[in-house]
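Read the structure below first, then the notes.
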Amino acid sequence: HDRMTEQRYLAPLKSFATDTVPAKVEVIDIMNGGREALSKVNDEMGFAFDEWDLDYYTKMFKDELGRNPTNVELFDIAQSNSEHSRHWFFKADIYIDDEKMPEDLFGIVKDTWNKNRRNSVIGFKDNSSAIRGGPVEALLPQVPGTPSKLAKAKRDWDILLTAETHNFPCAVAPYPGAETGAGGRIRDTHATGIGSIMGASTAGYCVGNLNLEGHEMEWEDKSFVYPDSLASPLQILIDASNGASDYGNKFGEPMIAGYTRTFGQRMPNGERREWIKPIMFSAGLGQIDHSHLEKNDPELGMLIVKIGGPAYRIGMGGGAASSVPSGSLSADLDFNAVQRGDAEVAQKLWRVVRACVELGDKNPIEQLHDQGAGGNCNVVKEIIYPLGAEIDVRAVKLGDKTMSVLEIWGAEYQENDCLLIKPEKAHLLEDICERERCNMQVLGAIDGSGKVVLVDKEAPPGTQNPVDLDLEKVLGDLPNKTYKYNRREEPVAPLDIPAGTTVATALERVLKLPSVCSKRFL
């Protein structure tokens with residue numbers, strides 16, 4: 001059974017009451033313990049801070065802020081400033097043989113787009129890309145957001161293209177990992193600009209050697225050992241493909257294409273190369289109104305709104321866990337970081353966004369972000385940056401009353417969006433959410449403080465706020481990280497075709513590859 005969401009009971013339950021008490025917010029004594037205290041909690045909670053992070057955040061709290069951080073603040077920073085969320089490596093200063101490279105990796109990737117953008121209308125920002133479409137006649141509700149007839153309407157729509165990978169979760173728990181990979185990409189699609197419309201999807205999987213009993217392949221090395229904390233390549237391929245397809249079917253987004261790759265080999269230098277940590281690729285096609293391409297800047301007084309399912313203790317620390325080699329953290333930390341999806345709630349959430357999109361120029365959404373790794377601590381900070389806001393943690397609707405402040409603020413619990421709307425549009429959004437039976441909560445309002453302040457109204461008087469951070473210090477232009485490498489000559493071996501190989505036997509081997517036409521894993 002799935003121990004995150006299910007439990008075996010040896011006798012019938014007599015009550016749903018529980019004596020579980022939510023964990024309290026802790027203060028980490030960096031003022032006295034310094035870097036060592038931060039390093040200790042980093043190991044215990046799986047923050048995935050590297051040496052640069054430990055130095056930077058010790059200095060920030062001890063020297064600049066002159067106070068101790070809470071465990072909630074450190075968890076918050078670990079997710080929102082993880083490699084997964086910030087792409088430090090792609091933006092880093094790279095040195096090869098002590099020579100600094102003229103461009104970072106993002107610069108290289110963007111080079112062709114910068115030189116010739118042609119019909120690109122969204123690129124390298126937001127949650128998706130988009131290319132210019134044109135005038136269309138769409139079938140839309142006459143009165144969006146209410147029961148009404150469908151009628152033809154003239155709109156100007158662009159073509160939306162979204163792609164991402166969901167690798168670490170599929171290594172630990174392939175079925176729910178791929179479910180939430182598909183679900184996360186679906187939310188990326190609908191959260192582009194100020195809302196968009198879904199279309200169809202594709203998925204791809206890159207795994208190690210399958211070692212399928214009764215169908216062993218000549219190139220599979222039987223001496224290869226696989227980590228106990230991760231699923232086998234065969235299980236990943238079967239369960240992940242089932243999970244992604246299941247979520248798409250339940251949500252109502254058809255999967256119309258896909259690919260599979262398997263690879264594992266000992267190189268001439270003795271190094272083993274294999275997709276131990278798999279690649280789960282998810283991509284989607286959709287439409288976006290040309291007038292909805294840009295998110296609007298936050299303004300004082302705008303309401304910070306969450307829509308979607310209630311909070312559960314699901315997906316704790318996914319940003320950090322996805323930023324280190326698989327198996328670097330404890331098995332429990334890895335397991336806890338994998339989310340669980342709910343395609344039915346995802347449909348309700350998207351129908352709210354779709355109704356807003358169908359309103360055209362009356363769309364009440366000013367800014368829209370989907371909730372991903374880090375949960376509220378990431379998505380709320382993103383949407384209030386740079387003006388800031390005070391957030392009421394008790395305004396978050398809970399599905400589990402035993403959740404701690406850290407868990408409410410940091411759990412991913414999928415199927416959620418964060419919006420900015422003007423106060424006068426709140427009733428319109430409430431009506432749409434009520435119609436779609438989708439939760440809506442107002443967490444606060446933009447206040448111009450430049451800070452994210454998380455307030456717990458149930459905390460004892462005089463208690464330090466769980467989070468009180470300057471947004472520029474944790475989301476602004478932080479210094480680049482530096483990575484140094486040296487070139488090396490790799491030994492190579494000549495092509496070695498086994499004696500007696502014929503065209504027919506070679507062709508048979510090629511056709512046995514899942515990347516060509518074999519579906520033996522099914």
Side-chain angles (χ1 to χ4, degrees), residues 24-93 104 298 300 304 317 319-320 323-324 373-393 405-406 409-410 443-444 446-456 459 462-483:
K24 294 180 179 179
V25 174
E26 297 178 12
V27 176
I28 310 302
D29 191 5
I30 288 179
M31 296 303 290
N32 291 314
R35 189 180 188 274
E36 187 177 335
L38 182 57
S39 180
K40 182 173 181 290
V41 73
N42 177 47
D43 293 339
E44 292 172 350
M45 297 188 66
F47 291 154
F49 287 155
D50 59 19
E51 298 300 312
W52 184 97
D53 295 318
L54 292 171
D55 289 338
Y56 181 85
Y57 296 120
T58 300
K59 180 182 177 183
M60 186 180 89
F61 283 104
K62 189 172 183 179
D63 300 338
E64 297 174 17
L65 299 179
R67 67 170 178 85
N68 288 320
T70 67
N71 59 340
V72 183
E73 287 175 315
L74 293 176
F75 186 93
D76 176 315
I77 291 168
Q79 308 316 310
S80 55
N81 279 345
S82 63
E83 174 65 40
H84 176 88
S85 299
R86 295 277 285 201
H87 309 299
W88 290 105
F89 186 74
F90 269 73
K91 299 174 183 176
D93 297 327
D104 60 29
L300 293 178
I304 303 146
S323 301
V324 295
N376 285 307
C377 73
N378 209 347
V379 70
V380 172
K381 288 209 307 295
E382 282 182 348
I383 209 160
I384 67 175
Y385 180 82
L387 295 184
E390 181 176 287
I391 305 299
D392 178 8
V393 73
V405 171
L406 186 150
W409 188 235
L443 305 187
I446 300 294
D447 62 11
S449 65
K451 301 171 72 176
V452 54
V453 179
L454 186 66
V455 176
D456 180 10
T463 302
Q464 180 177 335
N465 283 328
V467 177
D468 190 342
L469 294 171
D470 186 325
L471 288 170
E472 283 300 330
K473 288 187 181 295
V474 294
L475 273 191
D477 292 326
L478 275 65
N480 284 349
K481 293 189 176 185
T482 299
Y483 296 90

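As the structure is a computational prediction, the values presented were derived from the model and not from experiment.
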Heavy-atom closest contact ([X] atom, [Y] atom, distance):
{"X": "Asn465", "Y": "Thr70", "result": "O-CG2, 3.8 Å"}
{"X": "Trp88", "Y": "Pro479", "result": "CZ3-O, 3.5 Å"}
{"X": "Leu475", "Y": "Lys381", "result": "CD1-O, 3.6 Å"}
{"X": "Asn378", "Y": "Ser80", "result": "OD1-CB, 3.5 Å"}
{"X": "Leu54", "Y": "Thr58", "result": "O-OG1, 2.6 Å"}
{"X": "Ile77", "Y": "Met60", "result": "CD1-CE, 4.0 Å"}

Distance from [X] atom [atom1] to [Y] atom [atom2], nearest 0.5 Å?
{"X": "Asn81", "Y": "Asp53", "atom1": "CG", "atom2": "CG", "result": "8.0 Å"}
{"X": "Glu73", "Y": "Arg67", "atom1": "CD", "atom2": "CZ", "result": "4.0 Å"}
{"X": "Leu300", "Y": "Asp447", "atom1": "CG", "atom2": "CG", "result": "8.0 Å"}
{"X": "Lys24", "Y": "Asn71", "atom1": "NZ", "atom2": "CG", "result": "13.0 Å"}
{"X": "Ile28", "Y": "Met45", "atom1": "CD1", "atom2": "CE", "result": "7.5 Å"}
{"X": "Leu406", "Y": "Cys377", "atom1": "CG", "atom2": "SG", "result": "8.5 Å"}

Is there a donor-acceptor pair under 3.5 Å between the side chain of [X] and the backbone N or O of [Y]?
{"X": "Glu390", "Y": "Gly444", "answer": "no"}
{"X": "Glu83", "Y": "Phe89", "answer": "yes"}
{"X": "Asp93", "Y": "Thr482", "answer": "no"}
{"X": "Glu64", "Y": "Lys473", "answer": "no"}
{"X": "Asn68", "Y": "Ile30", "answer": "yes"}

Next on the checklist: Evaluate Glu51 against Lys481 for salt bridge (Lys or Arg N to Asp or Glu O under 4.0 Å), listing each step before the verdict.
Outcome noted: CA-CA 10 Å; Glu51 298 300 312; Lys481 293 189 176 185; over 6 Å; no
Item to check | Residue from Asp468, Leu471, Leu469 passing side-chain contact (heavy atoms from CB on, under 4.5 Å) with Lys451 | outcome: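 For Lys451, the side-chain contact (heavy atoms from CB on, under 4.5 Å) check succeeds only for Asp468.
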Next on the checklist: Just to verify, which of Ile383, Val393, Ile391 counts as forming a side-chain contact (heavy atoms from CB on, under 4.5 Å) with Leu443?
Outcome noted: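 Between Leu443 and the candidates, side-chain contact (heavy atoms from CB on, under 4.5 Å) is satisfied uniquely by Ile391.
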Counting only heavy atoms not in [X] (residues, nucleotides, ligands), do more than 12 fall under 6.0 Å from its [atom1]?
{"X": "Phe90", "atom1": "CZ", "result": "no"}
{"X": "Lys91", "atom1": "NZ", "result": "yes"}
{"X": "Glu36", "atom1": "CD", "result": "no"}

Does some side-chain heavy atom of [Y] sit less than 4.5 Å from a side-chain heavy atom of [X]?
{"X": "Leu454", "Y": "Asn376", "answer": "no"}
{"X": "Val41", "Y": "Leu74", "answer": "yes"}
{"X": "Glu472", "Y": "Tyr385", "answer": "yes"}
{"X": "Thr463", "Y": "Asp456", "answer": "no"}

Checklist entry - Who passes side chain to side chain contact (heavy atoms under 4.5 Å, CB included) against Asp392, sequence neighbours left out? => result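 Only Arg394, Ala395, Lys457 meet the side chain to side chain contact (heavy atoms under 4.5 Å, CB included) criterion with Asp392.
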Checklist entry - Who pairs with Tyr57 by ring-ring contact (aromatic ring centres under 6.0 Å, His included), at least two apart in sequence or on another chain? => result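 Partners of Tyr57 under the ring-ring contact (aromatic ring centres under 6.0 Å, His included) test: Phe49.
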Next on the checklist: Restricting to ring-ring contact (aromatic ring centres under 6.0 Å, His included), what partner residues turn up for Tyr56, sequence neighbours left out?
Outcome noted: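 Once residues adjacent in sequence are excluded, the partners of Tyr56 under the ring-ring contact (aromatic ring centres under 6.0 Å, His included) criterion are Trp52.
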